[in-house]
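One-based numbering, in listed order, for ligands and for the atoms of each. All values derive from a computational prediction rather than experimental measurement.
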Amino acid sequence: MNKTITALATPPGVGGIAVIRISGDEAISISDACFSGKISLLESKSHTIHYGTIQYNDRIIDTVTAAVFRSPNSYTGDNVVEISCHGGMVVASEIIEIMIANGAVQAEAGEFTKRAFLNGKLDLTQVEAVADIIHSLSVPGCMTAARQLTGEFTARLKALRVKLLDIASLLELELDFSEEDIEFTNRDNIKLLIKETRDYCNDLADSFKSAEILRSGFFVAIAGYPNSGKSTLFNTLLQRKRAIVSEIPGTTRDYLEEMIYSNGIAIRLTDTAGLRPSENIIEIEGIKLVETVMEQSDLILIINDISISPGNSDKLLKTIKAKYTNSKAYLLQNKIDKVDSAQLDTLSPESENEIRISAKKGIGVDTLKEILEKEASQSIDRTKDILVNQRHALLLRQSALELSNALTAIESNLENEIIAIDIRSSAKTLGEITGDTWDEDVLNNIFSRFCIGK
Ligand SMILES: Nc1nc2c(ncn2[C@@H]2O[C@H](COP(=O)(O)OP(=O)(O)O)[C@@H](O)[C@H]2O)c(=O)[nH]1
Ligand SMILES: [Mg+2]
């Protein structure tokens, strides 16, 4: 018998309604013990909703509706009751305490979904899709996760595995007839099939970075020397005063992060502390944080105060480009309003990935916004309608490697048996993605992204 778990499924606090979930063999009897309605929950059919009250020690706690789902037709696969009560700080926790007094235990983070996995209701890619839907910051990200939840990724992986296992079986069958020198399978066809599958696995693995951007947004870091106008640009892009702007250098000590949305994609803008050798301890901490931000960023905007000189930040630009090779960098020549047009004409023309702006006056900001939109949408071009995560990417690469081994084995005219072993292990690796085999560490890692009640 599995223990019955309970938790609040909605965010805590004041709200229209709160939903308490109870799941396990005893879910219906435990709920029924404190529920009073027209019929008892124990007698109710699956997928029915009942109006009534929750009572404890002759005290009415709230009027509620209780939805009953009988095993195996529920989210977790267990018996499940979902009680909707009035939202607020007190009622929902009282009801949870009553359920616990009646024999349920408090659920851990993600425990409902973990049960769904262990009961075979969802595979691992679907579990991950649930987490992605909850955390998604972009419309396309959420839609892709929703498709993944219906089992689309699973179906694709299954098709690949069937193909690989078929090839392995053919090769092994040939082995049985080796005396008769029969070749069931054309080597060129086999090679082609393996190559196609390997390339597909690698392509999918490559889409990981794009999927990350769909999941968490496109990270744009604003960097530059103190006073170059980073905070001013940050505020202009956000269209509100979020960061403190001041002529005193070193005002932004840590970093600020805000989101802007473009075509459904989240762009995470960060305003950072000015980069310069500093004596001030807090500022040094801030500068360390900048480095972390820059490492994570997809795009870096380096702001230069052109009124000092167009080449004033060249050294910084060079350092940043050399250090953060994964992110594209743009040089923004700021404060062009301070430079008169005659003087601007004498300056060398803008080079590639360089734009002239005035963060304060809004000059060139629309062009910059267009660039951000273009870069963000290009960065998700690689997605293959699947939110590949790091775990998937690692397994896909491993699987591709095993297929490369199989190809080498074929080319070296090795025994069918050896070739088949590589192909079978590649299929097995693909199976780990959906969770055909798993270990506790993998599960814990996945469920650590969940909240209590999910
Ligand atoms: N004239 C002019 N001043 C600017 C512009 N951008 C920023 N500033 C000024 O430069 C100073 C420093 O700006 P701030 O945004 O705090 O720079 P940060 O240290 O890089 O964050 C402030 O006095 C701003 O008003 C601009 O485009 N034109
Ligand atoms: Mg600042």
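Residue contact check for ligand 1: Lys338 places a non-hydrogen atom closer than 4.0 Å to it. For the ligand labelled ligand 1, residue Ser228 lies inside the 4.0 Å heavy-atom shell.
By the criterion of a heavy-atom distance under 4.0 Å, the side chain of Asp337, and not its backbone, is placed next to ligand 1.
Partners of His86 under the ring pair (Phe, Tyr, Trp, His ring centres under 6.0 Å) rule, at least two apart in sequence or in another chain, do not exist in this structure.
In the candidate list Ser307, Gly229, Ala359, Gly229 is nearest to atom 17 (O) of ligand 1, counting heavy atoms. Here atom 13 (O) of ligand 1 lies nearest to Thr232 when heavy atoms of Asn334, Thr232, Ile222, Thr272 are compared.
Side chains of Glu94 and Tyr56: a donor-acceptor N/O pair is absent below 3.5 angstrom, by distance only. Side-chain N/O atoms of Arg21 and Tyr75 include no donor and acceptor closer than 3.5 Å. Looking at Thr154 and Thr434, their side chains never bring a donor and an acceptor atom within 3.5 Å of each other. No side-chain N or O of Thr150 forms a donor-acceptor pair with one of Glu152 less than 3.5 Å apart.
Contact atoms of ligand 1 toward Ser358: 26 (C), 27 (O), 28 (N) (distance under 4.0 Å to a heavy atom of the residue). Of all atoms in ligand 1, numbered sequentially from 1 with element shown, those under 4.0 Å from a heavy atom of Lys230 are 15 (O), 17 (O), 18 (P), 19 (O), 20 (O), 21 (O).
Each ring-ring contact (aromatic ring centres under 6.0 Å, His included) pair with one or both residues in residues 344-376, not counting sequence neighbours, would appear here, but there are none.
Taking backbone and side-chain atoms together, Asn227 has no N/O/S atom less than 2.8 Å away from the Mg ion (ligand 2).
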